[in-house]
Amino acid sequence: MLRLEDVHTFYGHAEALRGVEVEVGGEISPCMIGNNGAGKSTTLMTISGVSEAERGKDSFSKTG
């Protein structure tokens with residue numbers, strides 16, 4: 001299961017993610033769609049650890 005709770009990520013003083021909440025679990029293949037600048041890449045970089053969240057919680061656990 002992947003869970004993001006109230007995640008805030010910044011690039012310098014610019015807030016790229018503000019209060020993102022996501023929960024994905026089970027046998028689902030998630031997809032992120034959105035306009036340019038919507039935060040898709042920043043969300044994936046925060047999940048993978050390339051960008052660090054200033055606030056909030058992210059967790060990933062493998063079950064089964």
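These numbers come from the heavy atoms of this one structure, side chains and all, not from hydrogens, waters or symmetry mates. Note that the numbering runs from 1 along the sequence shown for the chain. Source: prediction; values computed, not measured.
Under the 4.5 Å side-chain heavy-atom criterion for Ile, Leu, Val, Met, Phe, Trp and Tyr, M45 and V7 are members of distinct hydrophobic clusters.
Here the closest non-hydrogen pair linking F10 and H8 is CE1-CB, 4.2 Å.
Inter-residue side-chain proximity for M32 and L44 is flagged as met; some heavy-atom pair is nearer than 4.5 Å.
Residues T42 and T9 bring no donor and acceptor atom of their side chains to less than 3.5 Å of each other.
Open room surrounds CD on E52; 12 or fewer heavy atoms of other groups in view lie less than 6.0 Å from it.
Scored by the side chain to side chain donor-acceptor pair (under 3.5 Å) test, S51 finds no partners at all (sequence neighbours excluded). By the salt bridge (charged side-chain N to carboxylate O under 4.0 Å, His left out) test, E15 is found to be paired with R18, residues two or more places apart in sequence or in another chain being considered.
If you take CG on L17 and CG on L4, they are separated by 8.5 Å, rounding to the nearest 0.5 Å.
Applying the side-chain hydrogen bond (donor to acceptor under 3.5 Å, both in side chains) test to every pair with at least one member in residues 23-39, sequence neighbours left out, gives these pairs: R3-E23.
Judged by distance alone, with hydrogens and angles left aside, the side-chain atoms of K57 form no donor-acceptor pair with the main-chain N or O of D6 at under 3.5 Å.
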